[in-house]
Amino acid sequence: MQNDETFGGQVDTQHFWRDLQHQACIGALPGGGLGRLALDDNDIRARQWLIDEGHKLGCQTFYDLIGNVYLRREGLDPQLPPLLIGSHLDSQPCGGAYDGTLGVVAGLAVLRTLHEQNISHPRSIEVVSWTNEEGARFAPGTPGSAWFAGKRELEEILPLCDDSGTTFGDALAHCLSVLGDSNAIERPDSFTPHAYLEVHIEQGPILDASGLPVCAVSGIQGVNWYRFELAGVANHAGTTPMEMRYDALMAAHTLISELKSVIERTAVQHQDNQLRFTIGKFALAPGSVNTIADRATFSVDLRHPKAETLAVIDAEFQQLAQQLWEGCEATLHVSSRVPPVAFDEDIVSLLERSIEQYAPGAPLLVSGAFHDAIHIAHLCPSAMLFVACRDGLSHHPDEHVEEQDAAPAVRVLAQTAFELLHQ
């Protein structure tokens, strides 16, 4: 802490760190890490904790129709659009304790500092925990922020199912019932904030490798989610000749090879190393050791900072889905298309000026992962901060952030929030 005279310098970063470690206990896995899937009991407990902490600070607490939770500290002029700070509390099935949670707890630290310093501010400030950012239980992710920003309708979100057949709507109904018993107020509509800030671990290696704790983020690359299905014919594994099979697995293998070739060709043509292509789920049916698969299903996560590049690859994927693969028909389902976004230059500059105090020469990064800010940026001026994480490891129990790296990030967030509150 180089300058105690700034508002950011007044943040009790030790209290912030204790809160972060407490949150890590809600849904902690026996072998380490966090298992707090959207709208499960642990996720709901984490929301209740946040509401309780808000009440301790004299905040009004709200929840909306999709389960987003808000803590509001009133400004001198309640009619002014509020500053919004947020992230998420849900995790991957076997994830880390910092992804998302750090940003929510950092926002809480800003509220606590305003409360403890008894500071009045012209506009109100709210801290939000968005619902289901990860999309690990109900895909695709970020429906909470997407609904808030008017990018998705509740009617299309509620029917989503998890692997056990539970719908998002049923899980949400239980969550809303619990939140209603937590002395939080139901808020039926979203609103347009004055600005939005989000702190997140980098989920990449650049800051850690540079020995820097924090940096500003200029934007988020776009992401398309697909599901490919190959339809074959189930038959006996021992009696069906290889040349007479319609094997969905072999069809999927051939198709995946061609999809990979599309990515490699595009990268070479554009001299571009920013393409990201990932198959994260793969399933076969009927799932018997001695039966030829009659259905293969796999996901594709495609990312790039330029919408034009995503559109070119999307068109090629659509064409490939029209072909037969090893005699099997392919079907392509588009789960979501989230275009790239550039953050507000003025807010990014505010962040960079504050960062210079703690991390001179910090880079300005583009986020490879998508975050709730990708939707909110279409609603109001927005920007993000990244915090270094060890080896860039994320979505893993060994995900780790050093306290001395998180502390300056919270101070930068607080100082920038303080300036935005007085605009």
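Just so it is clear, the structure is predicted and the values come from calculations on it, not from any experiment.
Of the inter-residue distances, the one linking R18 atom CZ with T13 atom OG1 reads 9.5 Å to the nearest 0.5 angstrom. Atoms CG and CG, from L29 and N42 in turn, are 9.0 Å apart once rounded to the nearest 0.5 Å. T167 contributes atom OG1, which lies 12.5 Å from atom CD1 of I157 (distance to the nearest 0.5 angstrom). Here the straight-line distance linking atom CG of L332 with atom CG of D314 works out to 7.5 Å at 0.5 Å rounding. Atom OG1 of T101 and atom CG of L89 lie 5.0 Å apart (nearest 0.5 Å). Atom-to-atom distance recorded for L154:CG and D64:CG is 9.0 Å, nearest 0.5 angstrom.
For R187, the CZ atom counts as densely surrounded, since its 6.0 Å shell holds more than 12 non-hydrogen atoms of other residues, nucleotides or ligands. More than 12 heavy atoms of other shown residues, nucleotides or ligands fall within 6.0 angstrom of atom CD in E186. Within 6.0 Å of atom CD in E345, 12 or fewer heavy atoms from other residues, nucleotides or ligands are found, so the atom counts as exposed in its surroundings. At most 12 non-hydrogen atoms from other residues, nucleotides or ligands lie less than 6.0 angstrom from CG of D163. The number of heavy atoms from other shown groups lying within 6.0 Å of CD (Q60) is above 12.
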Q.
side chain to side chain contact (heavy atoms under 4.5 Å, CB included) for T61 and V69? Distances and angles first, verdict last.
A. CA-CA 7 Å; T61 59; V69 171; 5.8 Å; no

Q | Derivation and outcome, salt bridge (Lys or Arg N to Asp or Glu O under 4.0 Å), residues K56 and E53 | A | CA-CA 5 Å; K56 292 176 185 177; E53 292 302 305; 2.9 Å; yes

Q: Would you check, one step at a time, whether the test side chain to side chain donor-acceptor pair (under 3.5 Å) holds for R112 with Q117?
A: CA-CA 8 Å; R112 178 173 292 108; Q117 300 295 322; over 6 Å; no

Q.
Determine whether I347 and L197 satisfy the following criterion, side chain to side chain contact (heavy atoms under 4.5 Å, CB included), listing intermediate values before the conclusion.
A. CA-CA 9 Å; I347 300 182; L197 296 173; 3.6 Å; yes

Q: Could you go through the side chain to side chain contact (heavy atoms under 4.5 Å, CB included) check for I119 and F7 one step at a time?
A: CA-CA 10 Å; I119 294 175; F7 175 73; 3.5 Å; yes

Q: Test L320 against V262 for side chain to side chain contact (heavy atoms under 4.5 Å, CB included), laying out the working first.
A: CA-CA 10 Å; L320 293 175; V262 169; 4.0 Å; yes

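For the residue pair D272/H304, the side-chain donor-acceptor check at 3.5 Å is satisfied. Under the 3.5 Å distance criterion, with hydrogens and angles disregarded, a donor-acceptor pair is assigned to the side chains of E74 and S124. Judged purely by distance below 3.5 Å, without hydrogens or angles, the side chains of R36 and Q23 pair a donor atom with an acceptor atom. Looking at H270 and T309, their side chains never bring a donor and an acceptor atom within 3.5 Å of each other. Residues Y246 and D294 have side chains that never bring a donor and an acceptor to within less than 3.5 angstrom of each other.
Under the 4.5 Å side-chain criterion, counting only non-hydrogen atoms from C-beta, E198 is in contact with S87. In this structure the side chain of R276 never reaches within 4.5 angstrom of the side chain of D301, judged on heavy atoms. Between F418 and T113, the closest side-chain pair of non-hydrogen atoms is not below 4.5 Å. L20 is listed as a side-chain neighbour of F16, based on a closest heavy-atom distance under 4.5 Å. With a 4.5 Å cut-off on side-chain heavy atoms, H174 and L39 do not count as touching. With a 4.5 Å cut-off on side-chain heavy atoms, R303 and L275 do not count as touching. Within the 4.5 Å cutoff, side-chain heavy atoms of I355 are placed close to those of L385. Counting heavy atoms from C-beta outward, I263 and L302 have side chains that approach closer than 4.5 Å.
Ring-centre distance between H88 and H200: below the 6.0 Å cut-off. Checked against the 6.0 Å centroid threshold, Y226 and F298 do not count as a close aromatic pair.
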Solution key, residues 252-259 side-chain donor-acceptor pairs under 3.5 Å, sequence neighbours excluded:
residue, atom, partner, partner atom, Å
T254, OG1, M250, O, 3.0
T254, OG1, E326, OE2, 2.9
S257, OG, H253, O, 3.1

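In terms of heavy atoms, L207 sits closest to V387 at CD1-C, 4.0 Å. When every heavy atom of P213 is checked against every heavy atom of D405, the shortest pair comes out as CB-OD1, 3.4 Å. Listed here is the closest heavy atom pair of I51 and A184: CD1-CB, 4.0 Å. The two residues V348 and V217 make their nearest non-hydrogen contact at CG2-O, 3.7 Å. Nearest heavy-atom pair across V233 and I292 is O-CG2, 3.8 Å. S354 approaches T416 most closely through the heavy-atom pair CB-OG1, 4.3 Å.
Checked for salt-bridge contact, D43 and R47 meet the test: a charged N lies under 4.0 Å from a carboxylate O.
Within the structure, ring pair (Phe, Tyr, Trp, His ring centres under 6.0 Å) pairs that include any residue of residues 43-72 comprise H22-W49 (at least two apart or interchain).
The backbone N or O of L37 sits less than 3.5 Å from a side-chain atom of D40, completing a donor-acceptor pair. Not a single donor-acceptor pair under 3.5 Å links the side chain of S210 to the backbone N or O of L212. Not one N or O on the side chain of H194 forms a donor-acceptor pair closer than 3.5 Å with the backbone of L83. S190 places a side-chain N or O within 3.5 Å of a backbone atom of F148 that can act as its donor or acceptor partner. A donor-acceptor contact shorter than 3.5 Å is absent between the side chain of D391 and the backbone of L393. Here the side chain of S177 pairs no donor or acceptor atom with the backbone of C175 at under 3.5 angstrom. Distance alone, capped at 3.5 Å, is enough to place a donor-acceptor pair between the T131 side chain and the N68 backbone. Proximity of a side-chain donor or acceptor of T166 to a complementary backbone N or O of D162 within less than 3.5 Å is not detected. The closest donor-acceptor contact from the side chain of N132 to the backbone of F138 lies under 3.5 Å. With H371 contributing its side chain and A373 its backbone, the two residues share no donor-acceptor pair below 3.5 Å.
Screening P82, P78, P81 for a side chain to side chain contact (heavy atoms under 4.5 Å, CB included) with R123, the sole residue that qualifies is P81. The side chain to side chain donor-acceptor pair (under 3.5 Å) with S394 is formed by just one residue from the set H400, E399, Q92; it is E399.
Contacts of R73 classified as side-chain hydrogen bond (donor to acceptor under 3.5 Å, both in side chains), with partners at least two apart in sequence or in another chain: H121.
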